[in-house]
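Note that the structure is predicted; figures quoted are calculated from it, not measured.
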Amino acid sequence: MNELELRIGSFRYDHTEALFDGSVTVEGVRRTTMSTAPIMTEVFEGILRGQAVDVSELGLTFFLRALDQGVPLVAIPAFPARVFRHSSVFVNTRSGIDGPADLVGKTIGEFGVYGQDSGVWIKGILADEYGFRPERNRWVIGGLETPLPKGFEFTTHPHPDNVGIGFAPPDRTLADMLDRGEIDALFTSNVPQPFLDGSPNVTRLFPDYEPVERDYYRRTGNFPMSHVVVARRELLETHPGLARAIYTAFHDAKEAGAERYRKFRRLYQSPVMLPWANALMEENDRLFGEDWWPYGVSANWTALDTFLRYHHEQGLSARRWTVEGIVAGDLLDT
């Protein structure tokens with residue numbers, strides 16, 4: 001393994017910065033080259049097409065779709081992207097949608113694929129908590145701010161036969177269609193620009209989402225992850241110990257990022273342009289404990305298994321995957 005040159009693709013978050021600046025490295029590897037892209041799906045495409053990288057951050061749904069196709073990838077239980085998802089549903093203010101029950105019969109947009117990571121989570125949460133059933137809706141797939149008439153072409157597009165799915169017109173975006181009322185709602189991983197611009201036509205399904213999401217976490221223990229780190233199975237089998245070395249590197253980079261926030265508390269978080277950041281840190285400590293962005297299997301088993309259940313229930317997986325079936329075997333004790 002000492003002669004191995006490892007190529008890793010990831011977004012440049014505060015919890016991966018130490019990998020990019022070289023202050024954290026993958027132990028036992030001769031050299032690690034980090035790469036990123038302006039859009040995360042470009043990083044995903046690199047590992048799925050077998051190009052550019054050996055290890056990569058990858059959206060969970062794209063990972064599971066690849067496994068169903070026999071692509072030999074294995075999960076490393078580091079989760080670079082996770083967001084509570086009640087805040088990810090936007091509605092047109094003229095659609096008549098005032099709460100989850102009002103979604104029945106409406107036309108809903110979704111970015112890139114039916115069952116994008118954020119969409120899997122919010123469909124599952126709405127189903128568990130409010131009786132939401134996707135087959136009662138019409139679905140439109142497209143680009144959020146840039147037209148994407150065929151959806152993502154680097155992945156598969158499974159969906160149940162009883163769910164009606166179409167694509168946005170070639171020259172249209174979901175954000176604009178929501179603003180104009182051409183779709184009633186949007187399940188999204190990114191905030192649509194009309195909302196950021198203050199459009200009176202767009203609002204959230206849960207306007208006061210933070211207490212709703214905090215209550216959801218207290219009751220379920222789920223901090224929804226969207227992305228996981230994956231590696232090629234052959235690479236890990238050829239280099240025993242590499243899976244743990246990769247996991248440790250991502251974990252240590254995450255801890256380096258968290259430690260910056262802990263040190264900033266002494267300075268009232270003044271290095272961060274976010275008023276009352278200390279109060280937020282203190283509130284999050286009370287809810288999550290000291291590790292509010294955990295890696296490893298044990299701390300994430302429930303949330304990861306919940307996503308796997310949702311993915312299968314929504315007709316996106318050919319089988320009901322288990323945590324043991326997707327994570328590198330020598331990391332199940334993390």
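For the pair D14 (side chain) and G257 (backbone), a donor-acceptor distance under 3.5 Å is absent. Checked by atom type and distance alone, the side chain of S199 pairs as donor or acceptor with a backbone atom of N201 at under 3.5 Å. Checked by atom type and distance alone, the side chain of H15 pairs as donor or acceptor with a backbone atom of P80 at under 3.5 Å. A donor-acceptor pair is defined here as one N or O able to donate and one able to accept, closer than 3.5 Å; no such pair exists between the side chain of T334 and the backbone of G296. Checking side-chain atoms of D184 against main-chain N and O of S95 turns up no donor-acceptor pair under 3.5 Å. Looking at R204, its side chain does come within 3.5 Å of a backbone N or O of S87 through a donor-acceptor pair. Formation of a donor-acceptor pair under 3.5 Å by the T93 side chain with backbone atoms of P200 is found in this model. N137 places a side-chain N or O within 3.5 Å of a backbone atom of K106 that can act as its donor or acceptor partner. In this structure, T155 contributes its side chain and F62 its backbone to no donor-acceptor pair below 3.5 Å. Between the R133 side chain and the A127 main chain, no donor and acceptor come within less than 3.5 Å of each other.
The CD1 atom of I76 sits 11.0 Å away from atom CD1 of I326, with the distance rounded to the nearest 0.5 Å. We find the NE2-CG distance between H311 and L60 to be 8.0 Å, quoted to the nearest 0.5 Å. Distance check: S10 OG to L58 CG gives 11.5 Å after rounding to the nearest 0.5 Å. Taken from NZ in K123 to CD1 in I125, the straight-line distance is 12.0 Å, to the nearest 0.5 Å. Interatomic distance, CD1 of I246 versus OG1 of T32, reported as 8.5 Å (0.5 Å rounding). R85 contributes atom CZ, which lies 13.5 Å from atom CG of N222 (distance to the nearest 0.5 angstrom).
Within a 6.0 Å radius of CD in E324, more than 12 heavy atoms belonging to other residues, nucleotides or ligands are found. In the displayed structure, R31 atom CZ is contacted under 6.0 Å by at most 12 heavy atoms of other residues, nucleotides or ligands. The local environment of CD in E135 is crowded, with over 12 non-hydrogen atoms from other residues, nucleotides or ligands closer than 6.0 Å. The local environment of OH in Y209 is sparse, with at most 12 non-hydrogen atoms from other residues, nucleotides or ligands closer than 6.0 Å. Residue-environment remark: CZ (R219) exceeds the threshold of 12 foreign heavy atoms within 6.0 Å.
Across every non-hydrogen atom of G99 and L205, the tightest pair is C-CD1, 3.7 Å. Nearest approach of V120 to G115, heavy atoms of both residues: CG2-O, 3.3 Å. Here the closest non-hydrogen pair linking A175 and P192 is CB-CB, 4.1 Å. Scanning all heavy atoms of the two residues, the minimum distance from Q116 to R65 falls at N-NH2, 4.5 Å. E110 approaches G119 most closely through the heavy-atom pair OE2-CA, 3.2 Å. Closest of all the heavy-atom pairs between V327 and P77 is CG1-CD, 4.0 Å.
Under the 4.5 Å side-chain heavy-atom criterion for ILVMFWY residues, a single connected hydrophobic cluster contains both W293 and F20. Under the 4.5 Å side-chain heavy-atom criterion for grouping Ile, Leu, Val, Met, Phe, Trp and Tyr, V323 is connected to V229 within one hydrophobic cluster. Cluster annotation: L304 is connected to L332 through the hydrophobic network of ILVMFWY side chains, with a link wherever side-chain heavy atoms come within less than 4.5 Å. Using a 4.5 Å cut-off between side-chain heavy atoms of Ile, Leu, Val, Met, Phe, Trp and Tyr, with links allowed through other members, F167 and L178 fall into the same hydrophobic cluster. Criterion: ILVMFWY side-chain heavy atoms under 4.5 Å apart, direct or through other members. Under it, F11 and F250 are part of a common hydrophobic cluster.
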Practice item. Take F206 and H86 through the test ring-ring contact (aromatic ring centres under 6.0 Å, His included) and record every step on the way to the result. Key: CA-CA 7 Å; F206 297 95; H86 293 76; 5.2 Å; yes
Practice item. Determine, step by step, whether L235 and L242 satisfy the side chain to side chain contact (heavy atoms under 4.5 Å, CB included) criterion, reporting the C-alpha distance in whole Å, the side-chain angles of both residues, the deciding distance to 0.1 Å, and the verdict. Key: CA-CA 8 Å; L235 178 70; L242 180 59; 3.7 Å; yes
Review point. Can E129 and Y216 be said to form a side chain to side chain contact (heavy atoms under 4.5 Å, CB included), step by step?
Key: CA-CA 10 Å; E129 310 231 320; Y216 170 77; 3.9 Å; yes
Exercise for review: Assess whether salt bridge (charged side-chain N to carboxylate O under 4.0 Å, His left out) is satisfied between R262 and E259, documenting all intermediate values.
Suggested key: CA-CA 5 Å; R262 296 182 187 117; E259 187 60 25; 3.3 Å; yes
Practice item. Apply salt bridge (charged side-chain N to carboxylate O under 4.0 Å, His left out) to the pair R12 and D21, showing each step before the final yes or no. Key: CA-CA 10 Å; R12 197 161 187 158; D21 68 23; over 6 Å; no
Check your understanding: Given the rule in the side chain to side chain donor-acceptor pair (under 3.5 Å) test, do R82 and N300 qualify, once you have shown the distances and angles that lead to the verdict?
Key -> CA-CA 11 Å; R82 58 197 318 161; N300 292 284; 2.8 Å; yes
Check your understanding: Would M177 and R180 count as a side chain to side chain contact (heavy atoms under 4.5 Å, CB included) if you check the C-alpha gap in whole Å, the side-chain angles of each, and the deciding distance to 0.1 Å?
Key -> CA-CA 5 Å; M177 292 177 73; R180 293 172 180 265; 6.0 Å; no
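No side-chain donor from either of T188 and N190 sits under 3.5 Å from a side-chain acceptor of the other.
Note on ring orientation: taking the six-membered ring where Trp is involved, the planes of Y247 and Y295 are tilted (angle from 30° to 60°). Note: H159 and Y114 have perpendicular aromatic rings, judged against thresholds of 30 and 60 degrees for the angle between ring planes.
A salt bridge (charged side-chain N to carboxylate O under 4.0 Å, His left out) check over residues 137-164, counting only residues at least two apart or in different chains, returns nothing. Annotation: salt bridge (charged side-chain N to carboxylate O under 4.0 Å, His left out) contacts involving residues 92-101, sequence neighbours excluded, are absent.
Checked against the 6.0 Å centroid criterion, the rings of F132 and Y130 do not qualify as a close aromatic pair. Here the two rings, on F152 and F44, have centers that are 6.0 Å apart or farther. Close placement of the F187 and W139 rings is indicated, their centers lying within 6.0 Å of each other.
Checking each of D305, T61, D128 against Y310 for a side chain to side chain donor-acceptor pair (under 3.5 Å) leaves exactly one that passes, namely D128. The one candidate from F307, W292, F79, F288 that meets the ring-ring contact (aromatic ring centres under 6.0 Å, His included) condition with F223 is F288.
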